[in-house]
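Everything below concerns the one structure shown next.
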There are 2 protein chains.
Amino acid sequence: MNEAIEKLGYVPNLAASRLASSRTHTVGVIVPTLYNVIFAEYLLALHEVLVPAGFQVIVVNSRYSEVEEENAIKALLGQRVEAVIIAGIHHTPLSRQLLKQAHLPVVETFELSDDPINLNIGMSQELAGQTATYHLITRGFQRIAFMTGNLDHRAQSRFDGYHTAMQASGFKSLELNSRMARHSSVALGSDLFAEMYLRGDLPEAIFCTDDNLALGAMQECRKRGIRVPHDISIIGFHDLEFAACAAPSLSSVATRRYETGMLAADKVLAALDGSNRNVEIQQIDMGFSLVVRESTAVAADGI
Amino acid sequence: MNEAIEKLGYVPNLAASRLASSRTHTVGVIVPTLYNVIFAEYLLALHEVLVPAGFQVIVVNSRYSEVEEENAIKALLGQRVEAVIIAGIHHTPLSRQLLKQAHLPVVETFELSDDPINLNIGMSQELAGQTATYHLITRGFQRIAFMTGNLDHRAQSRFDGYHTAMQASGFKSLELNSRMARHSSVALGSDLFAEMYLRGDLPEAIFCTDDNLALGAMQECRKRGIRVPHDISIIGFHDLEFAACAAPSLSSVATRRYETGMLAADKVLAALDGSNRNVEIQQIDMGFSLVVRESTAVAADGI
DNA sequence: GTGAAAGCGCTAACAT
DNA sequence: ATGTTAGCGCTTTCAC
């Protein structure tokens with residue numbers, strides 16, 4: 001088949017094969033954006049497990065919109081994917097209903113859900129936000145700003161955690177986000193910091209929802225002669241590859257997106273492979289960890 | 001249909017629809033990796049044009065392997081995609097043959113081909129490499145190193161351009177790449193620079209195949225007290241979003257991956273939409289542009 | 001217009 | 001083992 005026929009240009013029609021066998025060997029994956037290493041790493045893991053197992057993975061991005069996500073779900077179910085893996089836990093009612101009655105493994109990732117469709121592999125974004133904030137508070141800072149790009153659900157939860165920690169400590173929250181929904185990037189971090197600087201109210205520390213924002217802020221500091229961490233402490237989120245080698249190295253909250261992808265894919269394979277196709281509801285907390293580096297110092301006495 | 005039936009859980013079977021109508025409304029896209037903003041920007045453009053036009057785009061990554069690319073092509077043709085858009089111009093003989101006899105629009109992108117399958121929208125990577133190198137040479141540098149991660153075809157072409165320029169000027173090429181194939185990243189730039197520093201042979205200037213490498217090198221400089229551009233000049237490639245806001249801002253060669261994606265998608269739509277489905281061979285050079293910023297200075301006299 | 005029937009290119013179950 | 005045939009769920013054509 002591979003030798004003779006394909007060299008003559010014959011390629012079997014998968015639509016016919018799928019229709020006849022009612023097996024598609026595809027799994028659908030929905031991510032909010034491809035424009036973010038976080039999801040690239042996660043997708044990498046999914047590919048690495050699913051492709052060798054003979055599955056094609058169909059990636060659709062929902063551009064952070066629940067309506068587009070619903071369309072993506074319809075398209076994927078229409079293609080009779082054998083499982084769906086979605087980043088996020090917030091869906092339209094119809095999305096939930098379609099997924100539930102499709103009777104296939106569904107994995108929701110990156111967050112922890114109160115009401116999982118069936119599998120849920122994630123972490124508490126709120127607790128992670130709290131942890132980063134308490135790290136700063138413990139170091140003696142009180143005027144701590146929160147910097148974010150567009151406030152998607154995960155960033156919002158991290159903000160909630162920040163807010164809770166600040167309130168519990170008796171400090172005022174200082175939000176710092178772009179009015180326009182701009183995706184997190186080094187350039188945005190730079191812009192937001194510059195804006196804050198020009199307004200004249202620099203905080204003692206900043207918690208950025210994303211390492212890219214943090215890097216941008218650090219670069220802007222450098223340009224303006226503000227020393228990190230001497231004059232201002234900065235912590236990022238996700239512990240991206242560059243955090244360790246930034247100058248100064250960047251404190252961050254490490255998240256496990258690669259492992260999340262691996263596990264999600266493994267669980268899907270197990271569910272698809274097994275004789276019992278009934279996926280029970282299960283929730284797995286992947287956790288996170290605080291990584292303290294040079295960019296967060298101890299507050300000077302008397303401040 | 002959307003109202004009543006779907007709420008009851010009915011989702012039409014696309015495999016059947018595709019088989020019956022012999023229209024799939026899908027286009028296949030092959031990229032070497034998702035782990036690089038370059039391709040994310042390109043994919044974004046493809047999605048933005050194709051999805052509103054009613055096409056589903058199926059993204060497959062070939063992980064920089066021509067064999068995996070061939071498998072991807074087989075899978076896509078098996079699905080009867082209506083067009084194929086591939087990053088790159090180097091394919092296995094079978095890949096080329098399959099694409100040619102499939103009689104569908106094929107767009108090869110990012111490079112300029114001597115023998116396009118049909119459409120080819122790219123730029124001369126070699127000329128761009130030459131341009132970056134001549135910029136450094138014109139500024140008075142002679143000991144100019146070339147830094148790269150894994151040497152894929154595009155990086156190799158940029159190196160060729162660098163080598164040509166160096167040779168034409170009577171200077172010796174200094175290659176600087178990772179023995180192991182590591183993808184371009186800030187961390188890799190940092191590592192490679194550190195390695196070179198510890199070997200004790202710092203050049204006067206570095207041309208990095210990628211802005212990420214350049215940023216890593218700049219950060220390593222900072223840690224080691226080497227001033228950019230006073231002690232060493234650095235130029236990157238692609239002009240990523242952060243290049244302008246880096247401290248110091250990074251000189252680079254701007255490439256047009258978003259526009260490339262837009263144009264590729266437009267051409268595909270035109271070919272698919274039109275009555276004449278015969279796509280003629282056509283080549284479009286998107287060009288590039290040198291962006292000079294702070295990271296490349298003029299050589300001090302007498303050096 | 002509305003409705004019935006043929007058939008897309010495979011797979012799987014059957015008969016030989 | 002090998003060959004034959006029904007049928008997957010739609011679209012499209014053709015008859016009404």
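In what follows, chains carry the letters A, B, and so on, assigned in the order in which the sequence lines appear, proteins first and then strands, with residues in each chain numbered from 1.
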Rounded off to whole Å, could you give me the [atom1]-to-[atom2] distance for the [X] and [N] pair?
| X | N | atom1 | atom2 | answer |
| --- | --- | --- | --- | --- |
| B:Arg80 | D:dT11 | CZ | C1' | 17 Å |
| B:His25 | D:dT11 | NE2 | P | 10 Å |
| B:Gln79 | C:dC8 | CD | P | 21 Å |
| A:Arg18 | D:dC8 | CZ | C1' | 14 Å |
| B:Leu14 | D:dT11 | CG | C1' | 13 Å |
| B:Leu19 | D:dT12 | CG | C1' | 13 Å |
| A:Arg23 | D:dG7 | CZ | C1' | 19 Å |

**Over 12 non-hydrogen atoms of neighbours within 6.0 angstrom of CZ in A:Arg63** = no
**Message:** Donor-acceptor check, side chain of A:Thr148 to backbone of A:Leu151, threshold 3.5 angstrom: yes or no?
**Reply:**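 Looks like no, no N/O pair under 3.5 Å.
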**Asked** Do A:Phe288 and A:Phe237 have their ring centres less than 6.0 Å from each other?
**Response** no
**Message:** Categorize A:Ser21 for me: base, sugar-phosphate, or nothing, with a 4.0 angstrom heavy-atom threshold over every strand shown.
**Reply:**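 Result for A:Ser21 = sugar-phosphate.
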**Prompt:** Which part of the nucleic acid, if any, lies within reach of B:Ser17 when heavy atoms closer than 4.0 Å are counted: base, sugar-phosphate only, or nothing?
**Reply:** sugar-phosphate
**Prompt:** Does some side-chain heavy atom of A:Ile86 sit less than 4.5 Å from a side-chain heavy atom of A:His91?
**Reply:** yes
**Message:** Can you tell me if A:Tyr10 touches the phosphate of C:dC10, counting only side-chain N or O atoms and a distance under 4.0 Å to OP1 or OP2?
**Reply:**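 Yes, such a contact exists.
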